[in-house]
Amino acid sequence: MTQEIRHDGIVDSVEGQTVVVRITQSSACGGCQARSICHAAESKDKLVEVNCTDAGSLQIGQTVTVAGAESLGMKAVAFSFGLPLLLLLAALITAVAVTGSEKVAAIAALGILLPYYIVLFLLRDRIKKDFQFSIKL
């Protein structure tokens with residue numbers, strides 16, 4: 001059985017079969033009574049695009065639940081943190097071994113991330129197809 005990650009959100013817009021849902025992400029202490037005076041609590045709005053065949057039945061402002069496979073979260077972490085870290089370390093170690101200069105190695109390690117993020121940007125439509133969400137009413 002595939003586990004799902006679910007978040008409640010509010011329909012922000014509906015265009016054809018695409019529904020944009022606004023999800024408010026709050027930190028773990030977001031429900032604390034002292035959050036108004038504590039600077040550790042934070043919340044952010046995220047917009048999630050969902051392809052939905054019955055999008056016409058949804059209205060702006062309606063509360064819905066957005067669900068996605070738990071594996072999507074792991075894949076997102078791999079793309080955003082895991083692979084860049086591995087590239088950074090590989091470039092750093094290789095550059096130190098080849099040049100012997102830590103400054104050059106640091107610049108090379110940071111420089112390797114630019115092509116990585118450019119490739120991610122160019123492949124964004126292909127990656128978007130892998131990250132499919134559904135709406136649960």
State whether the number of non-hydrogen atoms from other residues, nucleotides or ligands found under 6.0 Å of F81 atom CZ is greater than 12.
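Count not over threshold, so no.
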Among all residues two or more places apart in sequence or in another chain, which pass the side chain to side chain donor-acceptor pair (under 3.5 Å) test with T94?
none
Those residues at least two apart in sequence (or on a different chain) that pass side chain to side chain donor-acceptor pair (under 3.5 Å) with Q62 are none
Got a sec, which hydrophobics cluster with L47, joining ILVMFWY side chains under 4.5 Å apart, including via others?
V20
Tell me whether [Y] is reachable from [X] by hopping between hydrophobic residues (I, L, V, M, F, W, Y) whose side-chain heavy atoms are closer than 4.5 Å.
X	Y	result
V96	L86	no
Y117	L85	no
V77	L89	no
L114	L123	no
L120	L83	yes

Nearest heavy atoms of [X] and [Y], plus distance in Å:
X	Y	answer
F79	Y116	O-OH, 2.5 Å
C52	V19	CB-CG2, 4.1 Å
P84	A78	CD-O, 4.0 Å
V14	L58	CG2-O, 4.0 Å
F133	V66	CB-CG1, 3.8 Å

Between side-chain atoms of residues 98-109 and protein atoms elsewhere (two or more places apart, or another chain), which donor-acceptor pairs fall under 3.5 Å?
from, atom 1, to, atom 2, distance (Å)
T99, OG1, A95, O, 2.6
T99, OG1, S101, N, 3.2
S101, OG, K103, N, 3.4
S101, OG, V104, N, 3.3

I118 and F121: CA distance, side-chain angles, deciding distance, side-chain contact (heavy atoms from CB on, under 4.5 Å) verdict:
CA-CA 5 Å; I118 289 172; F121 178 76; 5.6 Å; no
Does the side chain of L72 reach to within under 4.5 Å of the side chain of I5, using non-hydrogen atoms?
no
Can you list every salt bridge (charged side-chain N to carboxylate O under 4.0 Å, His left out) pair that touches residues 125-137, not counting sequence neighbours?
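The answer is E4-K136, E49-K128.
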Which residue pairs pass the salt bridge (charged side-chain N to carboxylate O under 4.0 Å, His left out) test when at least one of the two sits in residues 9-18, sequence neighbours left out?
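Matches after skipping sequence neighbours: D12-R22.
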Rounded at 0.5 Å granularity, tell me how far CD1 in I112 sits from CG in L92.
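Between atom CD1 of I112 and atom CG of L92 there are 11.5 Å.
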Drop me the distance from D8's CG to T63's OG1, to the nearest 0.5 angstrom.
7.5 Å
Dump the intermediate steps for side-chain contact (heavy atoms from CB on, under 4.5 Å) on I23 and I10, then the final yes or no.
CA-CA 7 Å; I23 297 172; I10 298 172; over 6 Å; no
